[in-house]
Amino acid sequence: MAVLLSIATPVNDILTGLQRLRHGRKIDETRLVDPPIFIVGHWRSGTTLLHELMMLDPRHSYPNTFQCFAPNHFLVSEWFFRTFFNWILPNKRPMDNVSAGWDRPQEDEFALMNLGLPSPYRRIAFPRQKAPDVEYLDFADVDEPSLRRWLQVMESFLKSVTVAHPGRLILKSPTHTGRIGVLADHFQGAKFVHITRDPRDLFPSTMRLWKSLDEVQGLQRPLESTDREYVLHCLERMYASFHLARATLPAGSLIDIRYEDLVKDPTGTMQHIYRELDLGTFEPLEQPLKNWIEKSHKGYKPNTHRLPEEDEKLIRQRWQDYFTRFGY
């Protein structure tokens, strides 16, 4: 990994300069088509599935995997990598059964990190060290200049995505869950879809997520087991901020849904989202969603997890508020 990154760095620098030269002015002058729609919720709560469904609406746009992994230069390089380097990515993500590919929707948090912003995801590179940037889960201890720079870099990236594919942006990052107040203030008119899942599935699945990412993308050998306290603390910190901020959001800008309902009735759940958030007519999504259900959803089985009794007791104690608020 260290060798590959060292080789890639000067290439990234050159391509970044080329994109700025060719598209810098256009990016700066671009305006977002509409305020973004943010999909938020804890890791492994179904945010990826929801992102996949909302992107089926042809009116929407989204940052894809290549754009998030090469946010500085995708406008000049994406065609090349998508043509000649599809073999780099696995067919499936390492933590679940979801398809992978350069054109699949991706978390914009990866783009922000790759653009040099502080991000909790930096822990993936050095899993044996103390987790960095946890204050960026809620911005509580982030000073004003740093926050202002974070928002400016994020908006510039979203403009670049809009240049590549105009449309209302659908953004998905679990890290945004504790940031909804700041995001709603900066992106006036933004909408939020918050998805929840049974914590007895969230906890073991998130432990598996970090373990798989540490093993595949880390620059050092990970610890034998994922830091349980880190997983517990992240949910507590994110949701403390989430619940404070949601009370300040304008009416009709946030909706709660459950992963279990989305899997059981994708069409009904999506209709509910469109109706409650006033996202316009459901018709453009209706046929693509029907095709997806017939082709991809039939026979779909989420990963199953066995939660030891002591772990269930622990999360019921630490995450009791989540259990109670969302009816698990």
Side-chain angles (χ1 to χ4, degrees), residues 1-2 4-32 36 38-40 47 51 61-82 85 88-89 102-126 131-139 142-165 169-179 182-183 186-187 190 213 217-219:
M1 287 296 294
L4 289 175
L5 290 172
S6 298
I7 294 172
T9 296
V11 176
N12 285 331
D13 287 343
I14 293 170
L15 291 174
T16 295
L18 181 59
Q19 173 164 302
R20 193 64 203 168
L21 183 66
R22 293 186 59 182
H23 300 285
R25 184 173 181 179
K26 186 175 183 179
I27 293 171
D28 293 340
E29 294 176 349
T30 294
R31 296 292 177 264
L32 302 186
F38 291 91
I39 296 172
V40 298
T47 55
H51 204 192
S61 180
Y62 60 92
N64 64 33
T65 297
F66 184 82
Q67 292 166 355
C68 289
F69 287 0
N72 277 318
H73 57 72
F74 64 85
L75 288 174
V76 297
S77 61
E78 184 172 3
W79 68 271
F80 179 82
F81 279 86
R82 290 183 62 170
F85 286 90
I88 291 180
L89 294 180
W102 289 128
D103 61 338
R104 307 310 300 170
Q106 187 56 261
E107 296 181 33
D108 54 292
E109 184 72 20
F110 285 109
L112 303 181
M113 177 184 65
N114 290 331
L115 287 166
L117 292 177
S119 170
Y121 283 7
R122 290 199 300 123
R123 68 164 297 283
I124 298 170
F126 301 102
D133 304 325
V134 290
E135 68 273 17
Y136 278 82
L137 287 172
D138 57 8
F139 295 136
V142 176
D143 60 68
E144 187 63 30
S146 298
L147 178 57
R148 189 162 53 247
R149 176 178 178 271
W150 190 93
L151 289 167
Q152 288 171 346
V153 172
M154 180 182 188
E155 186 163 357
S156 179
F157 171 67
L158 299 186
K159 289 180 179 181
S160 299
V161 175
T162 300
V163 170
H165 185 192
L169 286 164
I170 310 296
L171 305 174
K172 183 273 290 193
S173 284
T175 45
H176 290 333
T177 304
R179 303 166 176 167
V182 169
L183 294 172
H186 185 76
F187 298 101
L213 290 176
Q217 300 184 15
L219 288 165

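Atoms considered below: every heavy atom in the structure, side chains included; atoms not considered: hydrogens, waters and symmetry mates.
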Test side-chain contact (heavy atoms from CB on, under 4.5 Å) applied to [X] - qualifying residues, sequence neighbours left out:
{"X": "L151", "value": "L147, V182, H186"}
{"X": "T162", "value": "T30, L32, V33, L169"}
{"X": "P145", "value": "D143, R148"}
{"X": "D138", "value": "A140, R237, S241"}

Side-chain donor-acceptor pair present, [X], [Y], cut-off under 3.5 Å:
{"X": "S119", "Y": "D133", "value": "no"}
{"X": "Y121", "Y": "E107", "value": "yes"}
{"X": "N64", "Y": "E78", "value": "yes"}

For the residue pair H73 and S77, what are the closest heavy atoms and their distance?
-> ND1-OG, 2.6 Å
Are R179 and E109 close enough for a salt bridge, meaning some N to O gap below 4.0 Å?
-> yes
For [X] and [Y], indicate whether the former's side chain and the latter's backbone hold a donor-acceptor pair under 3.5 Å.
{"X": "N114", "Y": "C68", "value": "yes"}
{"X": "S6", "Y": "A2", "value": "yes"}
{"X": "H51", "Y": "I170", "value": "yes"}
{"X": "T16", "Y": "N12", "value": "yes"}
{"X": "S61", "Y": "H165", "value": "yes"}

Are F66 and F81 close enough, and set up right, to give a ring-ring contact (aromatic ring centres under 6.0 Å, His included), and what steps lead you there?
-> CA-CA 8 Å; F66 184 82; F81 279 86; 5.1 Å; yes
List for me each residue that meets side chain to side chain donor-acceptor pair (under 3.5 Å) alongside N72, sequence neighbours excluded, and say none if there are none.
-> none
Contact list for residues 9-27, test salt bridge (charged side-chain N to carboxylate O under 4.0 Å, His left out), sequence neighbours left out | R20-D28, R25-E29
